[in-house]
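Worksheet for the structure shown next.
We're numbering straight along the sequence, starting at 1. Only this structure's heavy atoms are used, side chains among them; waters, hydrogens and symmetry mates stay out. Both ligands and their constituent atoms are indexed starting at 1 by order of listing.
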Amino acid sequence: MSIVVEDLSKRFSGFAALNGVSLEARPKEFLALLGPSGSGKTTLLRMIAGLDFPDSGRVLFDGADMTDTPAAERRIGFVFQNYALFRHMTVADNIAFGLTVRKRRERPAKADIVRRVVELLDLIQLPDIGGRFPAQLSGGQRQRVALARALAVEPQLLLLDEPFGALDAQVRKDLRRWLRHLHEKMGLTSVFVTHDQEEALELADRVVVMSQGKIEQVGTPAEVYDSPATAFVSQFVGETNRLPVTVSGGRVSYAGKPLSADAGGIEGVGDLHFRPHQAEIVNGGDGTLAIRIDVVRPRGGGWRVEGTTLDDPRAVEIDLGAGRQVPRAGDDVALRITASRVYPAA
Ligand code: ATP
């Protein structure tokens, strides 16, 4: 199923939570809505779900206008933080819930519901817990049951709001893989909300980066990481070093000294961004950046070096591969920036 969101806006007591958002999820796509707290991710997801309605704009499923259709009639599965499992019901009853509350003529026979619950318990790889209550499960098991409950109604569209929010790192990682697999196996179109960029980059086919009720960029994980469209995306997705620079006639300078970097069409003052892996230590030379090393720590088989620029002191962090000569805290070294981009000054 495809989802199209057209120019969606929503205000809450005068505050623009969503401001003209347009977006498409292609059939079978796994889309992440990524942004800081308050950027409008949940508001957008709730409107796709039919749990809330926009002031203007449209939501289309496979071309059909669903803007005013309530959630119950959209046949979607959702896992929202505040729709926790029902504590007084067994796991099996929780999973069956969406089917048992259907109108009589649409409700499957009791035996079919039981069969469906057994299938779903197998699918979430917890075949023996149907008789337990939510309090008798771990956090990760509870999330899997919440997913089974969402999938019971055989949705084509799965919406998830911070599905792994409260879980510890290893469980999160395992569940991510599992969810990705499930999404593919069931041929779902899925949209999930996260403020965790690693989660978005690892799980999604495309990432929608949001800020202040607007979309900053939509792209594959590689596109948003390697070619951020705005300074906001560059900072929010992945780590970035920032230096205030001046560009004159295409030449970049920092603290009054020339710096070898691509000006990217900017003139005047700007912010130079480069990632920790986009710099190397060299033996001085024109256009390099002088820094003093503050800390060197092992990282991912190589080294993370934290330093401070000698002119107009700013913190910078760079990654060095293994096998290189490692600088020591207190050393002064020269950095050559290997890739960078200048954004207009904020
Ligand atoms: P988080 O990651 O913290 O959940 P979010 O990106 O999902 O953030 P939203 O929950 O969509 O952000 O909220 C966007 C903005 O709209 C916030 O400033 C929030 O305070 C406001 N907002 C959301 N729902 C309501 C509401 N029902 N009434 C008033 N303001 C609201």
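Note on ring orientation: taking the six-membered ring where Trp is involved, the planes of Y225 and H277 are parallel (angle under 30°, cut-offs 30° and 60°). Ring pair H88/F86 is tilted by interplanar angle, where 30° to 60° counts as tilted.
The environment of CD in E6 is crowded: more than 12 heavy-atom neighbours from other residues, nucleotides or ligands sit within 6.0 Å.
Contacts classified as side chain to side chain donor-acceptor pair (under 3.5 Å) and involving residues 287-302 (residues at least two apart or in different chains) are given here: E239-R299, R292-D332, D294-T308, R297-E306.
At a 4.0 Å heavy-atom cut-off, the residues surrounding ligand 1 are F12, F15, A17, P36, S37, G38, S39, G40, K41, T42, T43, listed by chain and number.
The only option from D311, T309, T246 that meets the side-chain hydrogen bond (donor to acceptor under 3.5 Å, both in side chains) definition with Y254 turns out to be T309.
Within the 4.5 Å cutoff, the side chain of R314 has no heavy atoms near those of the R242 side chain.
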